**Student:** 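Here it is, the structure in full.
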Amino acid sequence: MTNACGLDFGTSNSAIGTVQGGVPRLAALERGGALFPSAIFFDFEQNRPLFGAAAIETYMMQVEGRLMRALKSILATKLVKESTFLKTQRITFEAVIGLFVAEMKTRAEAATGQPLDAVVHGRPVHFVDGDEAADRFAEDTLKVIAERAGFRHVSFQYEPLAAARAYEAKVNAETLALICDIGGGTSDFSVIRLAPERRAAPERKNDILANFGIRLGGTDLDRHLSLEAAMPMLGLGSSLHTKNLPMPRQLFADLAHWPTINQLYTPEARRMVRELHADAVEPQKTARLKTVVEKQLGHRLALSVEAAKIALSAAPEAAIGMDFIEPGLAAPADRDRFDDAVAGERARLAAAVRETLTRAGVAPDSVGTVFLTGGSSRVPALRKAIASVVSPSKFAGGDDLLSVALGLTEEARLRYR
C-alpha cells in the first residue's frame, strides 16, 4: 500500500498534507498548526538543528549559531551544491534543505501515525525567468532531496495548479479561472477551467489553457522596503571622505536580501565594513552597520522589515523596529513610499498576468474568477497590479498560506490511490 502526501516547500513557509480515510488533511507540524516556517537554525551551543518557528525564536534569543531561511530561492543556482561553514564543519546547502524536508516528513509521520513513501512536490512554473536548464536542475535537485528523505515515489505539480485543485472544491458551477499564486520567491499563474464534475479527474490537461511564472515574491518586496526605509539608517545614501564617494550600494543590497545576508558575516566583510566606517562622513550611521555585521543581526533586521511589510498591508504606516541595533531606533515606513519602491515589480507582475492570458488565448473579460493565493497576494500594491489587467470584482481568495498544500495533497490522493 502506498501512503501519499502533498508537500509544499515554500520560500517563507511550508506545509505537508496526508490522505487519511480518503480525505486530504494537513498535518500538524508545529504546536498544533500546519504552517511551518521555512527556517533552520544551527544551534552551536547545543550542537543541534532547530526548525520552523523554534529556529527563528532561538535565533532571536541571540543564541550562538546560524539561521538559514529562503533556501528555496537558491535551488536553481549552482550555490545549492556549494558548502558553507557551520562552526567547525562544512555542509552543502542541498544537505541543509534535505534536513528540512526530512524533518517535515518525520513530523508528518509522527502526527498521522503512518509512514509516507510517495509525495507530490509543489514547484513554481519557473524557478528562474527564461532558463529551462535551471528549472530542470532545480526540480532534479528537489527530487534527489525527496528520495534521500525516504520517499520512494516522487512527482511534481505546478503550485498554481495545486491551488486550483483546492479552490475547485468550493465552486458550484463551471468557471474559467486565473490562478495567481504570489509567494515568497516566485509569482505563478495558470488559466484553467474549473467545474464540480471535473474535480475527480486525475488528468486535467484539456482544462489547462496556460501556465506562466516569474521570479518575483515577498522576499523581493522585503528587499525594496529595506533599501528604501531601513538601510539609510545604516549609511546607505551617505558618503565617504575619500573623493566624496558614495557608500557602496551592493553591500546594503546583500544585507537586504535573505539569501545573501550570510555573506556579510565573513572576516573579509567585517574588515570592509570597519574600513568604510573609519572613512564615513556620517559615522553615527555606519556604526549601526558595523554592529549589524559584527553581531550578525542581519536576519533579525530582515525579520523586522518583513513584519513592517505585513503591517503595511493593513495600515498606511508602520515602523521597522531596530532597537536591537540601538536603543529606541526605528525606521518609519509608509505605504505610498513602499508602493513607489516596488513600482518596477508591480509592472513586472501586471505584464506577467497579461502574458499568461495571451498564452491562454483569452481576453481579460473572459476570466470568470481570479483566485489569489500565497502570502504576498495580500500586499495591496500587488493586488492593484493584477487589478490593472483583470477586474478586481472577480477576485476570490481562500487560505493564502495553505491552499497549495491542500491542492497538492488532493493531487496525491488522485495520483497514488
Side-chain angles (χ1 to χ4, degrees), residues 10-13 35 37-39 52-53 55-57 59-62 67-70 73 182-187 216-238 249 251-262 264 285 288-289 291-293 295-346 348-349 372 374-385 400-401:
T11 302
S12 300
N13 295 286
L35 198 65
S38 303
I56 296 172
E57 290 168 2
Y59 165 77
M60 295 285 281
M61 293 167 59
Q62 295 186 299
L67 178 69
M68 295 189 190
R69 200 174 175 217
S73 61
I182 310 175
T186 59
S187 294
L216 188 166
T219 55
D220 299 294
L221 306 183
D222 294 346
R223 184 177 71 251
H224 285 294
L225 180 58
S226 184
L227 291 169
E228 169 66 27
M231 293 303 160
M233 308 288 281
L234 307 186
L236 177 62
S238 63
R249 183 177 177 85
L251 167 68
F252 298 96
D254 288 343
L255 188 58
H257 191 39
W258 274 102
T260 53
I261 291 172
N262 280 314
L264 299 186
K285 292 182 178 180
R288 298 165 184 161
L289 174 65
T291 296
V292 169
V293 172
K295 294 187 177 180
Q296 300 189 8
L297 298 174
H299 293 91
R300 192 165 180 182
L301 177 57
L303 288 166
S304 292
V305 171
E306 182 183 44
K309 177 197 69 178
I310 294 170
L312 287 175
S313 294
E317 296 180 346
I320 301 172
M322 303 169 70
D323 55 354
F324 51 88
I325 301 172
E326 179 183 296
L329 184 66
D334 66 75
R335 189 183 292 172
D336 289 340
R337 287 176 61 196
F338 175 54
D339 286 0
D340 289 342
V342 301
E345 308 293 20
R346 287 189 287 123
R348 287 183 62 212
L349 191 72
L372 301 173
S376 298
S377 68
R378 302 171 182 174
V379 176
L382 300 188
R383 295 176 77 94
K384 289 177 184 176
D400 295 336
L401 301 176

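The figures that follow rest on heavy atoms only: side chains count, while hydrogens, waters and symmetry mates do not. One-based numbering along the sequence shown. Nothing here was measured: the structure is a model prediction, and the numbers come from that model.
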**Student:** Restricting to ring pair (Phe, Tyr, Trp, His ring centres under 6.0 Å), what partner residues turn up for Phe338, sequence neighbours left out?
**Tutor:**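 Not a single residue meets the ring pair (Phe, Tyr, Trp, His ring centres under 6.0 Å) criterion with Phe338.
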**Student:** What is the distance from atom NE2 of His257 to atom CG of Asp220, rounded to the nearest 0.5 Å?
**Tutor:**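 Interatomic distance, His257 NE2 to Asp220 CG, rounded to 0.5 Å: 6.5 Å.
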**Student:** Are the side chains of Leu255 and Met231 in contact, using a 4.5 Å heavy-atom criterion?
**Tutor:**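 Yes - at least one pair of side-chain heavy atoms lies under 4.5 Å apart.
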**Student:** Check salt bridge (charged side-chain N to carboxylate O under 4.0 Å, His left out) between Arg337 and all other residues, then give those that pass, not counting sequence neighbours.
**Tutor:**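 Only Glu228 meet the salt bridge (charged side-chain N to carboxylate O under 4.0 Å, His left out) criterion with Arg337.
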**Student:** Rounded to the nearest 0.5 Å, how far apart are CZ of Arg346 and CG of Asp340?
**Tutor:**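 One finds 7.0 Å between CZ of Arg346 and CG of Asp340.
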**Student:** Does the Ser38 side chain pair with the main chain of Gly10, one donor and one acceptor, at a distance under 3.5 Å?
**Tutor:**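 Yes: the side chain of Ser38 pairs with the backbone of Gly10.
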**Student:** Evaluate side chain to side chain contact (heavy atoms under 4.5 Å, CB included) for Arg249 paired with Leu227, printing each intermediate quantity in order.
**Tutor:** CA-CA 9 Å; Arg249 183 177 177 85; Leu227 291 169; 3.6 Å; yes
**Student:** Identify the two heavy atoms, one from Leu234 and one from Phe252, that lie closest to each other, and give their separation to 0.1 Å.
**Tutor:**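 Scanning both residues completely, I find the closest heavy atoms to be O-CE2, 3.7 Å.
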**Student:** Report yes if some heavy atom in the side chain of Arg69 is under 4.5 Å from a heavy atom in the side chain of Ser12; otherwise report no.
**Tutor:**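 In contact.
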**Student:** Which value, rounded to the nearest 0.5 Å, describes the distance between Phe324 atom CZ and Met60 atom CE?
**Tutor:**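 With rounding to 0.5 Å, CZ (Phe324) is 7.0 Å from CE (Met60).
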**Student:** Is a donor on one side and an acceptor on the other found under 3.5 Å between the side chain of Arg383 and the backbone of Ser377?
**Tutor:**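 At least one qualifying donor-acceptor pair exists.
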**Student:** Please find the pair of heavy atoms, one from Ala318 and one from Ala311, that lie closest to each other, and give the distance.
**Tutor:**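 Of all heavy-atom pairs spanning Ala318 and Ala311, the closest is CB-CB, 3.9 Å.
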**Student:** If you measure from CG on Leu221 to CG on Leu312, what distance do you get to the nearest 0.5 Å?
**Tutor:**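 Reported value, rounded in 0.5 Å steps: 11.0 Å.
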**Student:** What is the minimum heavy-atom distance between Ala230 and Ala331, and which atoms define it?
**Tutor:**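 Minimum heavy-atom contact is CA-CB, 4.2 Å.
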**Student:** How many angstroms lie between atom CE of Met68 and atom CG of Asn262, to the nearest 0.5 angstrom?
**Tutor:**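 One finds 6.0 Å between CE of Met68 and CG of Asn262.
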**Student:** How many angstroms lie between CG in Asp254 and CG in Leu264, if you round to the nearest 0.5 Å?
**Tutor:**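 So the CG of Asp254 and the CG of Leu264 are separated by 5.5 Å.
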**Student:** Any idea which heavy atoms bring Pro37 and Ile56 closest together, and the distance?
**Tutor:**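 Here Pro37 and Ile56 meet closest at CB-CD1, 4.1 Å.
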**Student:** Which heavy-atom pair separates Ser187 from Leu216 by the least distance, and what is that distance?
**Tutor:**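 Residues Ser187 and Leu216, closest heavy atoms: OG-O, 2.8 Å.
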**Student:** Determine, step by step, whether Arg300 and Gln62 satisfy the side chain to side chain contact (heavy atoms under 4.5 Å, CB included) criterion, reporting the C-alpha distance in whole Å, the side-chain angles of both residues, the deciding distance to 0.1 Å, and the verdict.
**Tutor:** CA-CA 10 Å; Arg300 192 165 180 182; Gln62 295 186 299; 4.0 Å; yes
**Student:** Under 4.5 Å between any side-chain heavy atoms of Arg335 and Asp339, yes or no?
**Tutor:**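 Arg335 vs Asp339: side chains touch.
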**Student:** What pair of heavy atoms forms the shortest contact from Gly217 to Ser376, and how long is it?
**Tutor:**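 Scanning both residues, the minimum pair turns out to be C-OG, 4.2 Å.
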**Student:** Answer whether the closest heavy-atom distance between the side chains of Leu303 and Trp258 falls below 4.5 Å.
**Tutor:**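 SC-SC contact between Leu303 and Trp258 confirmed.
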**Student:** Is the closest side-chain heavy-atom distance between Arg288 and Met233 below 4.5 Å?
**Tutor:**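 Heavy-atom side-chain distance check passes, below 4.5 Å.
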**Student:** Do Val379 and Val342 make a side-chain contact, defined as non-hydrogen atoms from C-beta onward lying under 4.5 Å apart?
**Tutor:**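 No, side chains not in contact.
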**Student:** Is a donor on one side and an acceptor on the other found under 3.5 Å between the side chain of Ser304 and the backbone of Gly321?
**Tutor:**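 Judged by distance alone, yes, a pair lies under 3.5 Å.
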